[in-house]
Amino acid sequence: MRNSPLARFWQWRATFFLLSLLLLASMTALGQEPARASRAGVEDSNAGGAASGSITGRVVGDDGRPVADAQVFIFRAFSNFSGRGSVTDSAGRFQFKELSPGLYLLRAGSAGFIELPDENRNPLEPRYFRLGETAQLTLVKGGVITGTVMNAQGEPMTGAIVRVIRVRDAQGRKLTLEGGASGAPRMTDDRGVYRIYGLQPGSYIVVVGGGNPYFLGTMGLYDGDTPTYYPSSTRDTAVEVMVRAGDEATGVDIRYRGERGHTISGTILGSATGNFSYLGVALTRVTTGILEAQTYSPSVDGKRVFSLNGVPDGEYEITAQNTLEKGETLASMPRRVTVRGTDVTGLELQLSPLASISGRVVLEPLPKEAACVTQTSAQLAMQQTLVTARREEQDKERIQVAQFFSGGNVPDEQGEFSIRNLSDGLFRVSVRLPGDDWYVRAATFPTPARATTEPARLAATKAAPATKAPPAPSLAPGTVATRRGERTSGIVINLAQGAATLRGRVTTQAEGATLPANLRVYLVPAERERADDVLRYAETAPAADGSFAFTSLAPGRYLIAVLSAPPPTEYLRPPRMLAWDEESRKALRREAEAANNALELKPCQQLKDYALSYAAK
Amino acid sequence: MHAFSRLLLILFALLCFSLCAQAEPTQKSGTGVITGRIMVADKPAPGVVVIAAPAEPGPNRKEAGRATTDYEGNYRLIALPAGRYNIMPLAPTLVSLSEGMYGGVGRFVLLGEGETVEKIDFSLARAGVITGRITDADGKPVIEERVQLNAADNSSSPPYGRYSNPFMYQTDDRGVYRLYGIPPGRYTLSVGISQDEGMVRVGAVRRGYYQRTFYPGETDVKKAAIIEVTEGSEVKDVDIKLGRPAQSFSVAGRVVDAETGQPVPNQIIGYGTYDAQRRQMNGFGYGDTRSDARGEFRLEGVVPGRFAAFVWSENNVYTDPVLFEVTEGDVTGLELKLKRGASISGTVQLEGPADKNVLARLTRLTLFTVVQTKNLSPPENRQTSINADGSFRLTGLPPGRVFIHLAGSQTTKDFRLLRVERDGAPQPSGIDVAPGAEITNVRLVFEYGSGTIRGQVRFENGALPEGSRIFVTAERPGAGDGGAQPVTVQARPLAYSQADARGRFILEGLSAGDYQVVVRAQFPLSNGGGKLVTGKQSVTISNGMETEITVTLDLADKGPGVQE
């Protein structure tokens with residue numbers, strides 16, 4: 001009974017979401033962060049090299065009591081580290097030792113139980129842990145959806161594969177593929193009954209049959225049919241099922257439509273000749289970007305073929321992806337496919353390298369004698385820095401499949417970073433700072449004239465046809481326009497020590513009045529010349545009692561204002577700063593100048609108890 | 001046509017060719033037909049779906065056709081291209097009583113172009129259901145615990161059909177399990193780990209584990225209650241109340257370099273169950289346990305049993321697995337000595353006429369090794385492929401007798417490893433490898449076969465009853481297959497196949513020479529046992545050609561009875 005190394009962990013955001021039977025017993029539904037895994041043995045703990053450390057913590061239930069025998073997994077952000085697992089002791093404690101410096105992600109799991117995310121965090125912004133930190137993770141019983149699947153005659157159907165797709169979070173925000181997660185697919189039993197448990201709270205659509213089997217060893221009985229959505233619908237008219245943690249949604253009965261779908265098939269060109277970890281194809285609907293079907297590509301007579309079955313009529317985009325051993329990925333340009341009454345054959349998907357963004361982080365530490373310097377050495381600071389790139393949604397209506405839409409990299413000893421496997425588009429580059437005493441002093445981006453074009457990795461690939469229009473000539477500050485097969489280099493990010501912090505409270509003018517919800521505190525640089533220096537803007541949400549905190553602030557003069565936050569978005573999106581867009585930045589500045597609360601922060605200053613008065617308009 | 005409009009037409013065609021996708025029928029359809037009848041409990045069964053699935057597992061898992069039985073239980077699969085099919089009813093709640101003994105679902109049919117094959121009938125019975133709940137000593141549900149169904153008289157589990165539900169044998173979030181599609185019979189049900197078998201658990205394993213407990217709550221197999229499943233029955237409340245979970249233990253040790261004695265960090269540690277009688281390792285596994293900076297490691301979650309620990313590496317090193325036994329406490333002090341492996345390298349040669357396409361396919365072959373060592377050998381992980389220049393290299397080998405094998409695969413079954421030579425001399429008893437030796441000048445001689453035998457089994461003195469299976473092999477008369485195997489291993493057939501319901505078969509990938517085709521028919525007897533009847537026929541094969549033969553099977557032959 002051979003097991004492959006634990007935590008062979010697939011990028012959860014990727015359209016190619018594979019469920020392996022081998023992982024069934026050991027791991028619950030995947031969490032949130034794309035830590036790339038590779039074969040064990042590439043590199044792991046630095047085996048006792050410089051400054052290794054531990055991360056410890058506790059797992060508790062929703063009643064606060066410790067949970068023993070819970071599984072905890074740790075992954076290193078954006079690295080080839082294949083992850084480790086551990087189990088909590090009788091006091092609910094866990095410990096990971098001999099970790100090399102870096103930023104880590106933790107996930108707790110237990111059969112039927114889910115980790116409840118922190119309510120105050122945006123789930124799309126992962127919580128990173130540094131060495132020496134302690135975590136508290138909460139496990140609660142997951143939600144359940146159960147019901148019966150019947151055919152048109154009302155007879156129960158056995159062996160039908162049922163799966164759920166999360167479309168809203170617990171707050172009712174719509175999810176893109178990025179935020180959605182599916183519970184493990186299940187088969188109906190002899191009474192036609194299915195039961196899917198261990199679900200995150202939110203709203204789901206339930207789907208039977210169709211697409212490609214997730215059980216890759218056994219064939220599904222109803223493969224080749226188009227999927228039927230609860231209650232007896234197509235995707236567009238599917239009814240959402242709401243589930244809370246620990247709750248059961250029963251009677252989610254589905255009347256199967258049983259329409260034969262069509263097949264989309266073809267070959268993939270340009271795949272790697274050596275070992276690779278994944279080669280497959282995904283099909284998404286053009287209107288919603290939601291994944292419709294996906295499959296592996298096996299080799300037949302030396303060619304890489306694919307076949308997607310059970311596809312209903314509609315307009316789709318198809319993309320092939322080849323993930324190589326060290327995490328390098330090739331992909332084909334998304335291609336439109338229309339299915340209308342017949343199979344579609346003979347497609348040829350040409351793989352080509354993706355884009356990358358690279359540059360350098362320059363640390364400007366203060367001498368050790370300076371006031372607010374912590375013990376962090378320059379080397380350690382670099383290892384706890386993260387540079388990320390995230391694609392800006394150009395088309396606000398269509399929610400993209402989050403394929404190749406973000407990435408990150410920890411700079412090496414010289415500060416060089418390289419974020420690979422990015423699609424075409426406009427990306428915002430952000431930095432995760434190594435500590436509260438550091439701030440971004442400057443960030444220089446190359447002009448749109450790009451650096452060298454990276455030569456195509458494989459022989460015999462013709463240049464992928466550019467189907468997107470060239471990017472707008474003036475890019476928003478902090479953004480990069482990428483093109484496939486090309487590397488944008490020359491970004492320089494200067495991090496300086498000596499940041500200031502600001503803590504305070506928002507108060508109301510009237511005595512005893514309560515603060516409205518959805519407020520946000522904004523810092524705007526006071527000097528007119530810095531009006532477009534996005535790095536100097538900051539914003540944060542105050543807690544229920546009005547308290548707020550800003551860290552990693554550049555020393556200087558600021559205006560502070562408290563305003564209503566922008567209305568919540570329909571979709572769950574990564575957090576976005578008001579200052580990023582020119583229009584809202586100008587409007588924010590006007591409000592801040594009108595309020596005229598000025599303050600000055602000196603290097604290393606820790607300003608506390610700042611009272612900020614909120615006046616309702 | 002005007003030159004200009006022709007140009008437009010060509011441009012349009014080119015444009016369409018690159019942008020449009022052609023709409024064609026996906027499967028080549030044929031004109032073959034397969035028909036039959038499905039009966040359940042001796043009554044015709046309407047509404048049962050039957051499919052023609054490809055007989056060999058392979059990338060094209062898609063079915064070639066499906067049909068549904070009419071009110072008389074008859075089905076008709078049409079428009080089938082010639083090929084090898086497994087005809088199967090898709091009915092998870094029906095089971096085949098007669099085929100249960102030999103496992104597998106469906107019947108093999110070798111269909112020629114435009115042929116009609118009739119009477120591919122199935123006699124099925126309604127399967128039963130066993131359901132219940134597993135709780136712990138506090139009455140709380142035990143979630144995602146594996147449930148094992150055992151036949152009451154022996155320890156084999158019921159057949160696991162192609163369309164079975166893999167999640168069935170596991171409790172849900174309420175501790176409830178439901179097994180359906182169970183053939184009528186007598187069973188016991190258990191949960192947990194048996195002390196005798198030992199079990200390797202790797203990864204983030206829980207500390208507690210349940211000892212094997214039979215319904216209704218007995219750890220002694222002799223006291224296990226019998227569950228009787230009859231046709232179409234549902235046996236409910238098959239609940240097991242478990243005792244407190246037992247504590248697993250940790251096993252600690254360190255990895256040192258055998259020569260220098262220095263600790264070796266960052267090595268993956270694995271372990272496997274040790275079979276003392278056969279002196280070999282059975283199952284094994286490895287997770288993410290590694291030796292730390294001081295070379296020390298600690299395996300967690302180990303249940304009582306006899307095991308052997310080793311280092312899993314893809315480098316040119318190996319360890320002699322170290323035996324240990326877990327009874328009532330943690331184990332410490334294991335020392336794994338990392339030794340430098342031996343290597344075997346050389347070239348590959350193809351005998352007989354071969355074009356460059358065949359030579360190019362050599363790189364798709366995978367070689368693996370079996371090593372006979374004095375002590376317990378490390379688990380097999382040494383395999384390699386053949387390089388484009390015809391060279392190969394195997395590393396990390398322990399000392400002993402090394403046998404090189406060709407890994408079998410559907411796409412390379414026409415290749416055969418004839419013999420292994422060292423410095424020009426054949427090595428039928430394996431290559432003697434000294435510790436850390438570098439053995440070069442080894443030649444692997446392959447043959448490639450493109451000959452085919454197409455045959456028909458002729459039955460004398462009777463007809464084959466339902467539920468029979470016929471296996472056909474092509475063997476070289478005399479000793480095994482040229483000495484690439486150790487002498488103690490029985491001669492492996494050079495090609496094998498099933499014969500279909502009408503006795504037709506094809507054997508492929510054979511190279512020129514003399515063969516003996518052996519047909520073995522197994523069929524059930526009314527008393528519950530089975531009988532084996534054999535027939536033989538000699539034949540000479542040429543490359544690239546198809547040879548037809550007939551093999552006679554005398555059903556009155558009092559062959560050796562086989563009790564299953």
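The OH atom of A:Tyr197 sits 7.5 Å away from the CD1 atom of B:Ile143 when rounded to the nearest 0.5 Å.
With sequence neighbours left out, A:Asp89 forms a salt bridge (Lys or Arg N to Asp or Glu O under 4.0 Å) with A:Arg93.
A:Ser90 does not touch chain B: none of its heavy atoms, backbone or side chain, sits under 4.5 Å away. Contact of A:Val193 with chain B is not made at all, since no heavy-atom distance falls under 4.5 Å. Interface remark: A:Thr338 contributes no atoms to any contact with chain B (heavy atom separation under 4.5 Å).
A cation-pi arrangement, defined by a distance under 6.0 Å to the six-membered ring centre and an angle within 45 degrees of its axis, is absent between A:Arg186 and A:Tyr194.
The backbone N or O of A:Met157 lies less than 3.5 Å from a partner atom in the side chain of A:Thr188, making a donor-acceptor pair.
Using a 4.5 Å heavy-atom threshold, the side chains of B:Ser248 and B:Met199 count as separate. You'll find the side chain of A:Phe113 stays beyond 4.5 Å of the side chain of A:Val67, heavy atoms only.
Near-neighbour residues of residues 171-179 of chain B relative to chain A, defined by a heavy atom under 4.5 Å from a heavy atom of that chain, comprise B:Thr171, B:Asp172, B:Asp173, B:Arg174, B:Arg178.
Among all heavy-atom pairs drawn from B:Pro92 and B:Tyr180, the shortest one is CB-CE1, 4.1 Å.
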